[in-house]
Amino acid sequence: MRASNGRVGVILALVAALAALPVNAQERRRAGQTVDREVEVDLPDAPATTRDTRPAAPVQAPAPTRRRPGQSEDVRVDEPVVPSAPVGVAGDQRRRRPGQLEANVPTETGERASPGAPRGPRTPFNTNRRSGLLAVAKPDADAVYDKQLVEDRWQLTRQLGLTDFSRLDPYNQNTLKADRPVHGDWFFNLGLTSDSVFEPRSVPTPTGAQGDAQPGQLDVLGGTDQTVFAQTSILALVYYKGNTTFKPPDYEYRLTLAHQYNHVETDQARALRVDPRAGVDRSDNHLAVQELFFDYHIRNVSKRYDFDSFRIGIQPFTTDFRGFLFQDLQLGARLFGTRSNNIFQYNLAAFRRLEKDTNSGLNDLGKSLREDDVFAANLYWQDFPSKGFISQVSIVHNRNREGDEGSHFNENQFIERPASLGLEAPRNYDVTYFGLNGDGHFGRLNLTTSFYYALGDAEQGVFVARPTDIEAVFAAAEASVDFDWRRVRISALYAGGDEDPFDDKETGFDAIFENPVFAGFDTSYWIRQSVPLIGGGRVGISGRNGVLNSLRSSKEEGQSNFTNPGTVLLGVGTDLDLTPSFRLSLNANQLWFADTAVVEVARNQGGIDKAIGTDLSVATIWRPFASQNVILRGSFAALLPGKGFEQLYGDETLYSGLLNLVLAY
């Protein structure tokens, strides 16, 4: 009985001792003890286990958050809160995406990645040598962690200890390239471009009427060799406000200045200037304002940043994908925007054309504005009629009243308006272009299409002194297929010609200001060079950087001419990306007049064939740094005369070379 009472006493003593111990982690925390929860991760040859037995800090009430004057108690959405503790632990219960780096993770020295950020409790790491496992003691769930309010998100890199890199480096953090605001959320972008061109060429050139630099030349045609050097320097300054990641800037001011020095040498006097005493070479330079506009973001019309914006000043504009009708930098106003998640894009624009410098082709603000207005409205529809293809409809009206001004001579004293063709009489006209254009792909087939129907009237014709109606058609298409690093292209173009220059209808198609990116564009002989119509007035059959046989004095200063022979082109080409930074292009175009009636009247020469000839070209593009900062282009083209061209200029094969170096910052 005495032994039994002893056992009962021992059991009661043990129960009392156990009852005095904390029964859960919460009571143990009240007693000032820590609770270690371990997560085991396989680690080979782990060091010996250490256990953190430091008492946990007492729980305190959160410190009051400081607020700036006028700031509400709620945290602003546009000012992200950066946690001082690793994402995913107590104090910030958000889950971290796979692969996402943790913000403000303590380093081995205990310092945080963001200098000056408040410290939170460190996470101890426990390692078990025997099991080869790493044990991480997680922080207390009830601990309080400080949060830092970032007032300027553009300065996060500075808080991370990163500063501006070299001002000459446009790819790393650089305030001059709008990577950071200059103040508030206003940004500045500086652009510098050097464009150097050396161009040897041969162009049909008439002998001088008053004299010639080479005695003994009595023929109509003189020497054809010419060389051109042009150095263009461009300075672009952009000052804008707003985040342009998903939407246009709220405000934008842009100024682009261009200066060009050019030097030309020819074989014939009067090829460059009216005065034969001026010699066979010419040097000139010109400073131009190419862009000067203000852009205002009117509003966002959807949560996906569909918008309406307004732009006024000298600005770029193109009416179609390839620059067939009007692509220029002109003075005007434009309302533009998007709808339905950028599926629809629209433009409403009005321009008053500036005069151009004769020898550089740049804008010339020293001259009065032309009486030549362009009004344009177009609508782009993405993924129509198929995904990957963009369709566009456009209406463009050209109102020209330069016939009321009399004659206009260029800086070399050659007449520009009216053109020295036919009656050589001033003329006014109104023409409306209805366009349907497309660009994109259908499966593997890349396709660009363009169609224009021109409808209008003129106060008098080129060859008749009475009002005329204008009705002309233009169509072009370029299809290509990619085979890995090779692209094969087929090009076709038709611009209607005038079959009777003496009737009351003009059916030859002409553009307002063309800059076609088509069929080899500026590496093609016929597109790059201007071939003069010798003996039928000082006009060109085709203009420089143009594909249309429009018989106008120039596209820069002349008027559109709808009494022309038209153009037909069929071409094939290939682009070979031999390396990521080197491309080789080959092009072959066959050219014809659509109708030769106008050329026969202008030259007073009958029976001219439609065949112009075969245009062969090869071009290379090398980008040594696989970027647009350094581009070296070289090309060579040859025009093999067809029967019609031989009847006009003889059977000499003409050539065009190009060396072009572009340096951009």
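As a basis for the values below, the full set of heavy atoms in this structure was taken, side chains included, without hydrogen atoms, waters or symmetry mates. Predicted model, so just to flag it, every value in this text is computed and none were measured. Each residue takes its place number in the sequence, starting with 1.
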Salt-bridge test for [X] and [Y]: reply yes if a basic N is under 4.0 Å from a carboxylate O, no otherwise.
| X | Y | result |
| --- | --- | --- |
| R633 | D522 | yes |
| E402 | R417 | yes |
| R552 | D510 | yes |
| R339 | D306 | no |
| R487 | D575 | no |
| R583 | D577 | yes |
| R528 | E199 | yes |

Side-chain contact, heavy-atom cut-off 4.5 Å: [X] with [Y]?
| X | Y | answer |
| --- | --- | --- |
| F344 | T338 | no |
| Y429 | N398 | yes |
| L551 | V598 | yes |
| L365 | I314 | yes |
| L569 | F518 | yes |
| N400 | D430 | no |
| L661 | V197 | no |
| H408 | E355 | yes |

May I ask you to check whether [X] and [Y] show a side-chain donor-acceptor distance below 3.5 Å?
| X | Y | answer |
| --- | --- | --- |
| Q231 | S196 | yes |
| T432 | H397 | yes |
| S524 | D615 | yes |
| E478 | T448 | no |
| E416 | N410 | yes |
| T358 | N412 | no |

For [X], is the [atom1] atom crowded, meaning more than 12 foreign heavy atoms sit under 6.0 Å from it?
| X | atom1 | value |
| --- | --- | --- |
| F625 | CZ | no |
| E499 | CD | no |
| Y305 | OH | no |
| L235 | CG | yes |
| R486 | CZ | yes |
| K643 | NZ | no |

Yes or no on side chain to side chain donor-acceptor pair (under 3.5 Å) for S360 and Q260, after CA distance, side-chain angles and deciding distance? CA-CA 7 Å; S360 67; Q260 184 183 109; 4.7 Å; no
From [atom1] ([X]) to [atom2] ([Y]), nearest 0.5 Å:
| X | Y | atom1 | atom2 | value |
| --- | --- | --- | --- | --- |
| T319 | Q327 | OG1 | CD | 8.5 Å |
| L335 | Y296 | CG | OH | 12.5 Å |
| L436 | Y452 | CG | OH | 9.5 Å |
| K555 | L548 | NZ | CG | 10.0 Å |
| L576 | W485 | CG | CH2 | 5.5 Å |
| S450 | R322 | OG | CZ | 10.0 Å |

Are the ring centres of [X] and [Y] closer than 6.0 Å?
| X | Y | result |
| --- | --- | --- |
| F188 | Y239 | no |
| Y525 | Y655 | no |
| F321 | Y380 | yes |
| Y433 | Y453 | no |
| F198 | F229 | no |
| F187 | Y240 | yes |

T224 side chain to P204 backbone, donor-acceptor under 3.5 Å: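 It does not hold such a pair.
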Any idea which heavy atoms bring [X] and [Y] closest together, and the distance?
| X | Y | value |
| --- | --- | --- |
| T579 | F582 | OG1-N, 3.0 Å |
| S480 | R489 | CB-CG, 3.6 Å |
| D225 | S202 | OD1-CB, 3.9 Å |
| G388 | D383 | N-OD1, 2.9 Å |
| A376 | V396 | CB-CG2, 4.1 Å |

After noting the C-alpha distance and the side-chain angles of D372 and R353, does the key distance pass the salt bridge (charged side-chain N to carboxylate O under 4.0 Å, His left out) rule? CA-CA 6 Å; D372 193 6; R353 294 183 66 187; 2.8 Å; yes
Apply ring pair (Phe, Tyr, Trp, His ring centres under 6.0 Å) to F474 and F509, showing your working. CA-CA 7 Å; F474 171 88; F509 185 88; 5.2 Å; yes
Salt bridge (charged side-chain N to carboxylate O under 4.0 Å, His left out) evaluation trace for E556 with R544: CA-CA 10 Å; E556 289 83 9; R544 185 166 174 82; over 6 Å; no
Quick one: does NZ or CZ of R538 land under 6.0 Å from the six-membered ring centre of F414, within 45 degrees of the ring axis?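 Yes.
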Can a cation-pi geometry be assigned to K177 and Y171, taking NZ or CZ under 6.0 Å from the six-membered ring centre and within 45° of the ring axis?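 No, cation not above the ring by the 6.0 Å, 45° rule.
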Steps toward side chain to side chain contact (heavy atoms under 4.5 Å, CB included) verdict (H441, F389): CA-CA 5 Å; H441 67 91; F389 193 82; over 6 Å; no
L648 pairs by side chain to side chain contact (heavy atoms under 4.5 Å, CB included) with which of I541, I534, T596?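 It is I541; the other options fail the test.
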